[in-house]
Each structure stands twice: as structure tokens, then as C-alpha cells.
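To start, the structure itself, in C-alpha cells.
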Amino acid sequence: MRDAAQDLLAWYDRHARDLPWRVAPAARAARVHPDPYRVWLSEVMLQQTTVAAVKAYFERFTTLWPDVQALAAAPDAQVMGEWAGLGYYARARNLLKCARVVANDLNGQFPDTREDLVKLPGIGPYTSAAIAAIAFDAPEVVVDGNVERVMARLHDIHTPLPAAKPELTRAAAALTPNRRPGDYAQAVMDLGATVCTSKSPACGICPWMARCTARKAGTQSDLPHKTPKKPKPTRHGIAYVAQRADGAWLLERRPDKGLLGGMLGWPGSDWRDTPSPAPPLEADWQDLGTEARHTFTHFHLRLTIQVAQVGMNTQPERGTFHPAGAFRPSDLPTVMRKVFDLARDTLNNGP
DNA sequence: TATGCGTGGTT
DNA sequence: TAACCAAGCAT
């Protein structure tokens with residue numbers, strides 16, 4: 001049987017997706033590698049996030065900040081605002097930290113080894129290997145969720161994740177070639193994303209069909225096994241949306257740590273079983289009557305919404321008024337944008 | 001090793 | 001409709 005890696009690279013040469021962070025096919029054929037800055041930015045955005053969701057953000061970020069020096073010089077609030085909607089906001093905070101280390105301490109050059117890359121904020125085992133392989137063509141073993149799934153099926157490994165991770169990593173290592181390791185890394189991930197998919201894998205068009213153990217056993221759709229997840233509890237909270245007579249909105253910057261850390265949001269109560277009222281200022285608060293519902297990674301949230309129109313000389317106890325002309329709803333994380341969308345109509349039309 | 005951390009699309 | 005899933009990292 002032919003070499004598995006070479007089979008997959010041949011498939012990749014025909015089927016590689018054209019993505020904004022990749023070099024053009026002709027350049028790839030000439031062994032041109034993509035800009036490490038763009039590889040890093042795309043890999044961080046792609047952590048636990050789909051290609052479809054990332055594309056527009058990547059285009060926007062690289063237009064605003066074409067290189068790491070430009071990003072390092074950007075104001076925190078602008079970067080957090082541009083990241084809004086993409087989720088996992090610790091990534092954006094670490095993105096800025098990392099950009100500033102590279103720009104200020106490393107002369108604007110990303111390290112070219114996994115060992116040095118993994119020391120940087122927001123770059124872990126996967127991302128360090130991916131950058132080293134894709135940007136510098138280092139023969140690193142790149143293991144993401146796609147690779148885990150492909151390896152589990154290729155070798156019919158039934159050990160549940162995450163316990164299976166070391167075994168799956170060894171399997172991936174055994175296949176990683178010294179020739180074109182960057183293309184190979186992307187090829188396995190493309191295979192997992194487009195052919196060896198989680199549900200309804202397209203085994204009939206898979207370049208590894210003949211050598212896939214799970215397919216022979218008929219177990220491919222059941223792999224990889226995963227340890228069951230805990231059920232999500234439902235929490236409740238109150239969000240306060242105040243608009244001043246000049247149209248300004250009362251918003252609060254959330255602390256850097258924890259949920260939605262560093263993001264802009266509406267002042268509100270704690271989120272738990274029975275939240276205590278916590279209005280940010282004294283006003284004639286009106287209950288909107290509709291809840292904003294949102295699901296985070298580990299709990300469901302139902303937010304009741306209180307709205308108020310307040311005078312020009314109002315001094316809030318929490319938060320800051322943002323002039324209507326300077327406020328962009330797109331700067332808000334999704335749960336806060338849901339609240340705004342529900343509150344806006346009532347405030348504009350009058351209670 | 002387990003948990004906290006978002007969101008939007010798919011089934 | 002609710003559960004599941006996606007190019008993980010930090011602690």
C-alpha cells in the first residue's frame with residue numbers, strides 16, 4: 001500500500017479549500033508559506049470556532065491591522081469590540097498580549113519553533129504546532145479535534161476522549177511526514193472538516209477509505225467516543241438598559257477575568273437562581289415583559305430586561321454613558337446585543 | 001484531570 | 001426543540 005501521508009497530500013493538492021489565510025494554489029505549489037502573523041491570527045480565531053464564522057472576522061482584522069505591529073498598537077477597547085460576537089473573549093485579550101510581546105520584545109518576528117511559540121499568551125499545544133508547521137513547515141504533530149476524529153476512525157480506537165488523547169497523538173505522530181508537514185497538517189484537518197465529518201462521514205470519497213479500520217468494522221459514525229457531558233443548569237438575571245435624553249446609553253466594561261471578560265455590556269444583577277435587583281441608577285424602571293434567552297458553554301441564561309429614560313444630569317452608580325453616535329451594537333457580545341435588540345424598540349417608540 | 005469559557009449552525 | 005458540535009487554552 002502507498003504511503004498514507006502521500007496519498008493525503010495528493011488529495012489535498014486537488015481539494016484544498018481556498019481560505020483567506022492560505023496562499024494561492026500556485027504559490028503553495030512553489031512552496032511559498034503564509035505570513036506567520038496571518039497564520040497565528042487565523043489559528044487563534046479558529047480555536048473551537050467554525051471556518052464560516054471566522055472568515056469575516058479575519059478579513060476585518062487583517063484590513064484594520066495588516067501586521068503584528070499595527071495590532072499591538074491598537075486600543076484594547078477597539079480590539080475587544082471587533083472580536084465581539086466571535087466568543088471565547090479570553091482569546092482576544094491574549095491576542096493583544098501576544099501581539100505586544102511579539103512587536104515589543106521579539107522585534108515583530110514570531111518564533112519559528114513550537115517550543116518558543118507555546119510560551120506566548122493564548123498559544124497552546126495545538127496552536128504552537130500548527131503555526132510551526134503551517135508558517136515554518138516544521139514537522140510538528142498537529143492534533144486538533146479533526147485529527148482526533150480521523151485517527152480514532154483510521155485505527156478504530158474506542159477509548160473515550162479525552163483519555164484517548166495520548167493514543168490518538170501517537171497515531172498522528174506516526175503518520176506526520178518530514179516532507180510538506182505544513183500542507184499535511186492542513187490536509188488532515190480539511191479531511192476531517194469536509195469528508196471525515198462528525199456526522200454522516202463521506203467514506204465513499206475518502207482518500208484513506210481503503211486503510212480505514214473503522215470503516216471495515218462499520219463503526220465510523222460512532223467514533224470518537226466521548227465521556228458524557230454534564231447537563232446545563234438555567235440561571236436568571238436582570239439587565240438594565242438606560243438611555244439618556246441625548247440618546248446616550250449606559251454601558252459597563254466587564255472585568256477582565258471571567259465570563260465575557262473585558263467586554264462591554266449592560267449593567268445588571270448576578271446570574272443565578274433568584275437574582276437580587278441591582279439598578280445602576282435611580283430611575284423609573286419599566287419591565288420589558290420579554291426575556292432575553294441565551295446559552296453559554298455551561299449554562300442557560302434568562303435575562304429579564306428593565307428599561308428607563310433618564311435626564312441629562314443623572315449620575316450613575318455604575319457604568320458610563322456612551323454617546324449614541326459612538327455606540328455600535330456590534331461591539332457587544334451576543335447576549336448583550338440580544339438585550340439591546342429587545343430594548344431598543346420600546347425606548348424608541350416610548351414605553 | 002476537571003472545569004470555565006461563546007457562538008451559530010446542524011440534526 | 002434541545003442536544004450536539006467546531007482548527008483549544010488557562011488554571
Side-chain angles (χ1 to χ4, degrees), chain A residues 17 19-22 38-58 80 83-95 97-98 117-131 133-135 140 142-150 160-166 169 172 182 184-194 196-201 221-222 224-235 254-263 265 271 293-301 330 332-338:
Chain A
R17 290 179 290 173
L19 301 172
W21 44 88
R22 290 183 173 169
R38 294 168 64 88
V39 174
W40 163 72
L41 180 60
S42 65
E43 290 299 340
V44 172
M45 287 183 167
L46 286 163
Q47 289 166 5
Q48 295 287 285
T49 309
T50 59
V51 165
V54 164
K55 276 184 179 174
Y57 283 85
F58 180 84
M80 298 311 289
W83 196 276
L86 200 56
Y88 285 139
Y89 298 101
R91 292 185 295 172
R93 302 193 301 273
N94 286 327
L95 190 80
K97 283 187 198 168
C98 182
L117 284 161
V118 80
K119 298 173 186 168
L120 294 167
I123 299 182
Y126 162 75
T127 305
S128 56
I131 296 172
I134 297 169
E140 297 293 347
V142 179
V143 183
D144 73 332
N146 286 305
V147 177
E148 289 175 353
R149 183 172 59 256
V150 170
L161 283 166
K165 178 114 182 163
T169 299
Y184 172 80
Q186 294 173 91
V188 188
M189 293 190 284
D190 266 23
L191 185 73
T194 65
C196 194
T197 50
S198 179
K199 295 181 179 176
S200 306
S221 293
D222 301 323
H225 292 311
K226 297 188 178 179
T227 53
K229 294 170 184 171
K230 292 180 179 178
K232 297 185 205 295
T234 297
R235 298 183 191 169
R254 299 173 64 87
D256 266 346
K257 301 209 173 205
L259 191 66
L260 309 180
M263 298 301 290
W271 295 347
R293 294 188 182 193
H294 191 75
T295 298
F296 293 100
T297 308
H298 51 298
F299 64 95
H300 303 290
L301 179 65
S330 63
L332 298 175
T334 298
V335 61
M336 298 296 175
R337 190 171 46 70
K338 287 182 180 177

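Naming convention: chains lettered A, B, ... in sequence-line order (proteins, then strands); numbering from 1 in each chain.
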Within the modelled atom types, does a donor on one side and an acceptor on the other bring the side chain of Thr297(A) and the base of dG6(B) under 3.5 Å apart?
-> yes

Interatomic distance at P, dC9(C) relative to dG8(B), whole Å = 22 Å

Using a heavy-atom cut-off of under 4.0 Å over every strand shown, decide if Ile123(A) touches base, sugar-phosphate, or nothing.
-> sugar-phosphate

Go through His294(A) and Phe296(A) one step at a time and tell me if the ring pair (Phe, Tyr, Trp, His ring centres under 6.0 Å) criterion holds.
-> CA-CA 7 Å; His294(A) 191 75; Phe296(A) 293 100; 4.8 Å; yes

Step by step, work out the ring pair (Phe, Tyr, Trp, His ring centres under 6.0 Å) result for Trp83(A) and Tyr57(A).
-> CA-CA 7 Å; Trp83(A) 196 276; Tyr57(A) 283 85; 7.3 Å; no

Which part of the nucleic acid, if any, lies within reach of Gly85(A) when heavy atoms closer than 4.0 Å are counted: base, sugar-phosphate only, or nothing?
-> sugar-phosphate

Identify whether any heavy atom of Leu19(A) sits under 4.0 Å from a base atom; if not, whether one sits that close to sugar-phosphate; answer base, sugar-phosphate or nothing.
-> base

Look at Tyr89(A) and dT7(B) and indicate whether a side-chain polar atom (N or O) is within less than 4.0 Å of OP1 or OP2.
-> yes

Tell me what Thr127(A) touches on the nucleic acid: a base, only sugar-phosphate, or nothing, going by heavy atoms under 4.0 Å.
-> sugar-phosphate

Give one of base, sugar-phosphate or nothing for Lys165(A), where a contact means two heavy atoms less than 4.0 Å apart.
-> nothing

Between the base of dG6(B) and the side chain of Thr49(A), is there any donor-acceptor pair under 3.5 Å?
-> yes

Answer with base, sugar-phosphate or nothing: what part of the nucleic acid does Arg149(A) contact at a heavy-atom distance below 4.0 Å?
-> sugar-phosphate

For dG4(B), does either OP1 or OP2 sit under 4.0 Å from a side-chain N or O belonging to His298(A)?
-> no

Counting just side-chain N and O atoms, does Arg91(A) come under 4.0 Å of either OP1 or OP2 of dT7(B)?
-> no

With a 4.0 Å cut-off on heavy atoms, is Lys230(A) in touch with a base, just the backbone sugar-phosphate, or nothing at all?
-> sugar-phosphate

Using the closest heavy atom to pick a nucleotide of DNA chain B for each, name whichever of Leu332(A) or Pro162(A) lands nearer the 5' end.
-> Pro162(A)

Any Lys232(A) side-chain nitrogen or oxygen under 4.0 Å from OP1 or OP2 of dT3(B) | no

Within a radius of less than 6.0 Å around CZ of Arg17(A), do more than 12 heavy atoms belonging to other residues, nucleotides or ligands occur?
-> yes

Just to confirm, is there a sub-4.0 Å distance from OP1 or OP2 of dT7(B) to any side-chain nitrogen or oxygen of His294(A)?
-> yes

How would you label the contact of Ser198(A) with the nucleic acid (heavy atoms, under 4.0 Å): base, sugar-phosphate, or nothing?
-> sugar-phosphate

What does Trp83(A) touch in the nucleic acid at a heavy-atom separation under 4.0 angstrom: a base, only the sugar-phosphate, or nothing?
-> nothing

Identify whether any heavy atom of Arg22(A) sits under 4.0 Å from a base atom; if not, whether one sits that close to sugar-phosphate; answer base, sugar-phosphate or nothing.
-> base

